[in-house]
There are 2 protein chains.
Amino acid sequence: MPARNAEATRTRILDAALAEFADRGFAGGRVDRVARAAETNVRMIYAYFGGKDALFDAALTSAIERMAAAVPPRPADLAAWAGDLFDFHGSDATTLRIALWAQLERPEAAAEPLDDYLAKVSAVTGASPLDAVDVLTFVYSLAQAWYLTPIGLLLSADGRDPRDPARVAAHREALVATVHRLTGK
Amino acid sequence: MPARNAEATRTRILDAALAEFADRGFAGGRVDRVARAAETNVRMIYAYFGGKDALFDAALTSAIERMAAAVPPRPADLAAWAGDLFDFHGSDATTLRIALWAQLERPEAAAEPLDDYLAKVSAVTGASPLDAVDVLTFVYSLAQAWYLTPIGLLLSADGRDPRDPARVAAHREALVATVHRLTGK
DNA sequence: ACTCTATAAGTAAACGATTATTTACTTAGG
DNA sequence: CCTAAGTAAATAATCGTTTACTTATAGAGT
């Protein structure tokens, strides 16, 4: 391992950028903070990625590729797929957050990476009384619902602690059952 | 109508801030742009609201109060409520966007205003096999699903144009039917 | 009615701190 | 020793906030 490693530096920048943008968004994300977290300097970011815009897009694409790899499309069993997505977002909020931010701040860039992934799911949606794309948006949305709900709201409206693993597991069960019913059993 | 009107100026600032923050978020929102849109100057914003943080919170609360007034809670008919929410967000994306941004950028401030509103819905959830809070998060999420889906994704995955009113109406029907089934008919 | 004035409403400009981006320079390695 | 990798520092623009100032308006005292 040489002291100078372009590939490794690029990867460190990408990882740091993903963490930064998922946490603070594009407008709130700081280039010099990414450089410090990646143990390099801003000049390298511009050398490898061109600018803040391109860095964000690269981080977004990277995150969605990881999700696609960790949670493969399962068009034949959407309920199981929803459960997988739920677990994935529960173990790490990064992907959900950067995707949300992309949707709000850079809607053009938001579509492309998700496109390939979700298209595979909508391709074969089994036998449902509903339109395939409607089902897809519903299922994808249901899998995120828990994490999009303000925690303070859950704390006050629910009798149980939303951070309790048992509570989360209960919601997961409700999710899988709901998608099951939604897709026509 | 006097040339000097504190109440009117305050209202203009609040409306301009809501539009600005819904469009660009907290970090991306600019105080001087709000001042210009409100036909006043930044000093007034600090006189009336104290600072950017408090201005955002005031705009968020204002937006959710408008939503609560326009789409009253209907715990007895969640499917109809979901349809109302869908129509509301379809006619104006402001509330959905600023709420999403608040959830990402200011999670502490995000909960409170929504709290009262959604608590009323979850209070009486009729007869459902699922937990009341689970149902609430599902229904609220389903009503937003269409607008949280990247338009580019819909354009490529769906055979129909997602901006076509007929297509939107079809999704609305699917939404109401789904919530109906979800709440145990 | 009529000033006079205290105070609220409004404005312009500057301050100080950041921020994305670039220029100029240094160093390691084949 | 030449090129790619890495670094430091400057640039130029921007942004939230404050200071210092001006103007209108309502009400008290005559």
Side-chain angles (χ1 to χ4, degrees), chain A residues 1-62 98 101-102 104-106 108-109, chain B residues 1-62 98 101-102 104-106 108-109:
Chain A
M1 190 75 78
R4 297 195 164 187
N5 189 333
E7 190 64 31
T9 302
R10 214 195 98 101
T11 301
R12 286 203 316 277
I13 291 174
L14 193 61
D15 290 345
L18 178 51
E20 173 75 8
F21 288 133
D23 206 37
R24 319 234 190 182
F26 178 74
R30 298 292 169 243
V31 163
D32 66 304
R33 205 150 41 200
V34 172
R36 212 173 319 123
E39 292 181 325
T40 179
N41 53 71
V42 291
R43 187 60 188 80
M44 292 288 92
I45 293 177
Y46 286 82
Y48 288 133
F49 293 95
K52 192 185 179 183
D53 297 47
L55 180 63
F56 181 91
D57 293 351
L60 171 67
T61 300
S62 155
I98 199 174
W101 246 313
L104 287 170
E105 303 192 271
R106 320 195 86 238
E108 334 79 52
Chain B
M1 191 76 76
R4 296 194 164 187
N5 190 332
E7 189 65 30
T9 303
R10 211 195 101 101
T11 301
R12 287 203 316 278
I13 292 174
L14 193 61
D15 289 345
L18 178 51
E20 172 75 8
F21 288 132
D23 206 38
R24 319 235 191 183
F26 179 74
R30 296 293 168 245
V31 163
D32 67 303
R33 206 150 42 200
V34 171
R36 211 172 319 123
E39 293 181 325
T40 180
N41 51 71
V42 292
R43 186 60 187 81
M44 293 286 92
I45 292 177
Y46 286 83
Y48 289 133
F49 294 95
K52 191 185 180 185
D53 297 46
L55 180 63
F56 181 92
D57 294 351
L60 171 68
T61 300
S62 156
I98 197 173
W101 246 312
L104 286 170
E105 304 191 271
R106 319 195 87 237
E108 334 78 53

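Proteins get letters first, then strands, A, B, ... in listed order; numbering begins at 1 in each.
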Task: Residue pairs involving residues 25-44 of chain A (criterion side chain to side chain donor-acceptor pair (under 3.5 Å); sequence neighbours excluded) - done: A/E20-A/R33, A/D32-A/R36
Could you go through nucleotides 17-20 of chain C and list every protein N or O atom that sits under 3.5 Å from one of its N or O atoms, giving the distance for each pair?
| residue | atom | partner | partner atom | Å |
| --- | --- | --- | --- | --- |
| C/dT19 | OP1 | A/R30 | NE | 2.6 |
| C/dT19 | O5' | A/R30 | NE | 3.3 |
| C/dA20 | OP1 | A/G29 | O | 3.1 |
| C/dA20 | OP1 | A/R30 | NH1 | 3.4 |
| C/dA20 | OP1 | A/K52 | NZ | 3.0 |
| C/dA20 | OP2 | A/V31 | N | 3.2 |

Task: B/M44 CE to D/dT18 C1', straight-line distance once rounded to whole Å - done: 13 Å
TODO: Look at A/T9 and D/dA5 and indicate whether a side-chain polar atom (N or O) is within less than 4.0 Å of OP1 or OP2.
DONE: no
TODO: Please list all pairs passing the ring pair (Phe, Tyr, Trp, His ring centres under 6.0 Å) test where one or both residues lie in residues 28-54 of chain B, with sequence neighbours left out.
DONE: none
Task: Of all pairs that satisfy salt bridge (Lys or Arg N to Asp or Glu O under 4.0 Å), the ones with a partner from residues 48-60 of chain B, not counting sequence neighbours - done: B/D53-B/R106, B/D57-B/R106
Open item on the list: Going by side chain to side chain donor-acceptor pair (under 3.5 Å), name the pairs with one or both residues in residues 8-17 of chain B, residues two or more places apart or in two chains.
Closed with: B/D15-B/R66
Task: Atom-to-atom span, CZ of B/F49 to P of D/dT18 - whole angstrom - done: 16 Å
Open item on the list: Using a 4.0 Å cut-off on heavy atoms, which residues in residues 13-22 of chain A reach DNA chain C? List them by number, or say none.
Closed with: none
TODO: Report the distance from atom OH of A/Y48 to atom P of D/dA4, rounded to the nearest whole Å.
DONE: 11 Å
Task: For atom CG of A/N41 and atom C1' of D/dA8, their distance in whole Å - done: 8 Å
- [ ] Report yes or no: is there a donor-acceptor pair, N or O only, under 3.5 Å between the side chain of A/R43 and the base of C/dT22?
- [x] no
Open item on the list: For a 4.5 angstrom cut-off between non-hydrogen side-chain atoms, does A/L55 reach A/F21?
Closed with: yes
TODO: For A/A37 and A/A16, work out which heavy atoms get closest and say how close.
DONE: CB-CB, 3.9 Å
Distances for protein N or O near nucleotides 14-16 of chain C N or O, under 3.5 Å:
none

Task: Nearest-angstrom distance from the residue atom CZ of B/R36 to C1' of D/dC15 - done: 12 Å
- [ ] Not counting sequence neighbours, which residues clear ring-ring contact (aromatic ring centres under 6.0 Å, His included) with B/F26? List them please.
- [x] B/F56
TODO: Please report the shortest heavy-atom distance between B/S62 and B/L18, naming the atom on each side.
DONE: OG-CD2, 4.4 Å
Task: Whole angstrom value for the distance that separates P of C/dT11 from CD1 of B/I45 - done: 12 Å
Open item on the list: In this structure, how many angstroms lie between the P atom of C/dT21 and the CZ atom of A/F56, rounded?
Closed with: 14 Å
Task: Nearest heavy-atom neighbours spanning A/A102 and A/L60 - done: CB-CD2, 3.7 Å
Open item on the list: How many whole angstroms separate atom CZ of A/R4 from atom P of C/dA28?
Closed with: 6 Å
